[in-house]
Amino acid sequence: MQYQAPANDLRFLLFDVLGADKLHELEKYADATPDLISAVIDEAGKLASEVIQPTNQIGDRQGCSYDPETKSVKTPDGFKEAYQKFVEGGWTALDAPLEFGGQGLPHTLKFVVDEMVCSTNLSLGMYPGLTHGAISALYAHGSEELKQTYLEKLISGEWTGTMCLTEPQCGTDLGLIRTKATPNDDGSYAIEGTKIWITGGEHDLVDNIVHLVLAKLPGAPDTTKGISLFVVPKFLPDSGERNPAFCGGLEHKMGIKGSATCVMNFEGAKGWLVGEPNKGMSAMFTMMNEARLMVGMQGLGLAEMAYQESLAFARERLQSRSLSGPKNPNGPADAIIVHPDVRRMLMRQKVLNEGMRALALFTGHQLDLSVAHPDESLRENADDLVQLLTPVVKAFLTDEGYNNANWGQQVLGGSGFTQDWPLEQLVRDGRIARIYEGTNGIQAMDLVGRKLSLKGGQLVRALFAELTGYLKDNPEAPYREELKGALKSLEQATLWLAQNAPKDPEQAGAAATPYLRIMALTVIGYLWSRMAGVAGQQLQLGEGNKPLLEGKQVSARYYFEKLMPEVDWLLKDIQTGKDSLMAFEDEHWVA
């Protein structure tokens, strides 16, 4: 089926719930009027369904191909043309800085476009997606010369960018990297080493690829405090000379086969320092945090496409009769959507997808406030929420996005296991999102091990203030007591960690994943309460899209009745501690 952008839901969230229709009142986003935001939603939806989606299946079937003689990579048929249309439409420049050719629009709109692109071809979306992280790192940490050299062409999409972090012997523990950077006489550095799993490391979509590479200077500490960041182009911008940064081969993957995932060999390639020596981790986190939010949108995008496909199938597939009597008496059977168990799978997809979209756009809106609001205290509060929720968006949206793709496949039964239907590709493509840019377990550890204690606990206090303020200001809020109970569980879990983790770090490790889920479910519950409240008000006034608004109220009820109760056993999981988890001795595993 052809993808249908969730335009009505996006407008409801952005304009009626989150207040993004007022972003144009901020000087930085003066152009982001409601009319412009609506136009972006509509045009991005057309691009996704008419240009990007037709390349998805062929990208999966063909994959990328590597020529060992030229060390070059060819992308699947249609990718180059679709990427060019993406570039010509200005989509690579959407939220990029104005002074280097960007459009300077809100980050929230990029989240919207990211979801649509990921719904229709995750592999193709990886090329401009990773470029955006390179743009942000260079803009935040690069010298003026580096900005002038690289940013305009990266922002225009004429060039693409990569993140070169992982090596064969190290993933998350970047202190173990061996790539070296030796100073040259001209102020550049000779970069030597091998990086693996590099998205877009080599391809034929553009004329130049700009690698951002982590490496160690001579004499640097042999830890993360000794890491520096370098920009290493495929072709040197001043001379056009080929830099010895070569693809050594493609990874053989379960999914996202149209995305060129490369082994990259840097054989004395010329690079230039980004930021200060031995301060590469802070620049890397600029890229990484942006990538984590983008990956969250990947989970949501795939889940939305899976829902659309499985819903269409369930409304057409005839099998058995409704348990309450025939609903299609003139046909041989009823559509399977009448069966409670099929409804269970569809409702879980729909309600979680809409809740996850709300969480993502709430975070995107806070990101915009953090950089554009004139009130310094409000900017800081918004930034606190973004930092706290970034690992939550990445982990929860990819966990549940993948689960929802699986539920969509289950709705199709045997058909879902075949390549005749797109669900099996969605499941394969979505599996990686829980792994890269830091596995979801790493996201949870970042949340409990770093974010909770950051600034003396100020980040999590900002979240508690957001939720308690809502409850105080809205005594008639839908599902107020259920939300209040979930918030209490989140507070108890936070207190348990504060009391136990300092004495035993393994307690934090054991509690991390359930704690992240409690936070996600609670914040999504807060947003579902807000959505149900706005829907009720608009129905009373006779305004808005009646089926959408009535659906919001039913969906909110489903969320609080069927999904929010998970918070109770997650709290128990945390409070029972690590003992049964860590009790096995080595011989117990194979007894």
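Fair warning: this is a prediction, and the values are worked out from it, not measured in the lab.
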Between Y436 and Q298, do the side chains contain a donor N or O and an acceptor N or O under 3.5 Å apart?
yes
So, applying ring pair (Phe, Tyr, Trp, His ring centres under 6.0 Å) with Y526, which one of Y479, Y470, F560 is it?
Y470
Output yes when a side-chain donor or acceptor of T398 lies under 3.5 Å from a complementary backbone atom of A395, and no otherwise.
yes
Using modelled atom types only, decide if a donor and an acceptor are shared between the side chain of D368 and the backbone of T108 within a distance under 3.5 Å.
yes
Q537 and E543 side chains, donor-acceptor separation under 3.5 Å:
no
Check the side chains of Y307 and N404 for a donor-acceptor pair under 3.5 angstrom, ignoring hydrogens and angles.
no
Quick check: does any side chain N or O of T439 sit under 3.5 Å from a backbone N or O of I435, one acting as donor and the other as acceptor?
no
Consider only side-chain N and O atoms of T286 and H141, and report whether a donor and an acceptor are under 3.5 Å apart.
yes
Are the side chain of Y559 and the backbone of L521 linked by a donor-acceptor contact shorter than 3.5 Å?
yes
Should K552 and D9 be marked as a salt bridge (Lys or Arg N to Asp or Glu O under 4.0 Å) after you check the CA-CA gap, both sets of side-chain angles, and the distance that decides it?
CA-CA 10 Å; K552 289 294 179 187; D9 193 42; 2.4 Å; yes
Are more than 12 heavy atoms, taken from residues, nucleotides or ligands other than E152, located less than 6.0 Å from that residue's CD atom?
no
Donor-acceptor check, side chain of N289 to backbone of F285, threshold 3.5 angstrom: yes or no?
yes
Cut-off 3.5 Å, side chains only: do T33 and D35 have a donor facing an acceptor?
no
For residues Q53 and N121, is any side-chain donor paired with an opposing acceptor at under 3.5 Å?
no
Are K147 and F100 in a cation-pi contact, defined as NZ or CZ under 6.0 Å from the six-membered ring centre and within 45° of the axis?
no
Is R344 positioned over the aromatic face of W407, cation under 6.0 angstrom from the ring centre and no more than 45 degrees off axis?
yes
Using the rule given for salt bridge (Lys or Arg N to Asp or Glu O under 4.0 Å), can you reason through E43 versus K46, listing the C-alpha separation, both sets of side-chain angles and the distance that settles it, and then say yes or no?
CA-CA 5 Å; E43 291 305 312; K46 289 180 185 177; 3.6 Å; yes
Between the side chains of T261 and K253, does any donor sit under 3.5 Å from an acceptor?
yes
Cut-off 3.5 Å, side chains only: do T160 and Y83 have a donor facing an acceptor?
no
When you check the side-chain N and O atoms of E304 and S119, is any donor under 3.5 Å from an acceptor?
no
Keeping K394 on the side-chain end and V295 on the backbone end, is there a donor-acceptor pair under 3.5 Å?
no
M287 side, atom CE; E437 side, atom CD - distance, nearest 0.5 Å:
9.5 Å
Do the side-chain N and O atoms of N56 and T120 include a donor-acceptor pair separated by under 3.5 angstrom?
no
Does T92 reach the main-chain N or O of I155 with its side chain, forming a donor-acceptor pair under 3.5 Å?
yes
State whether the side chain of R343 and the backbone N or O of I337 hold a donor-acceptor pair below 3.5 Å, judged by distance alone.
yes
Answer whether the closest heavy-atom distance between the side chains of K455 and L459 falls below 4.5 Å.
yes
Go through it in stages, so that I can follow the logic: the residues are R557 and E482, the test is salt bridge (Lys or Arg N to Asp or Glu O under 4.0 Å), and I'd like the CA-CA distance, side-chain angles, deciding distance and then a yes or no.
CA-CA 11 Å; R557 179 182 174 188; E482 291 87 343; over 6 Å; no
Is it the case that S38 and R11 place a side-chain donor and acceptor less than 3.5 Å from each other?
yes
Decide salt bridge (Lys or Arg N to Asp or Glu O under 4.0 Å) for R480 and E476; before the verdict, give the C-alpha distance in whole Å, the side-chain angles of both, and the deciding distance to 0.1 Å.
CA-CA 7 Å; R480 185 178 188 278; E476 303 300 320; over 6 Å; no
Flag this pair as yes if the NZ/CZ of R517 is under 6.0 angstrom from the six-membered ring centre of F396 and inside a 45 degree cone about the axis; otherwise no.
no
Consider only side-chain N and O atoms of Q425 and D429, and report whether a donor and an acceptor are under 3.5 Å apart.
yes
For N440, does its backbone N or O pair with a side-chain atom of D399 as donor and acceptor, under 3.5 Å?
no
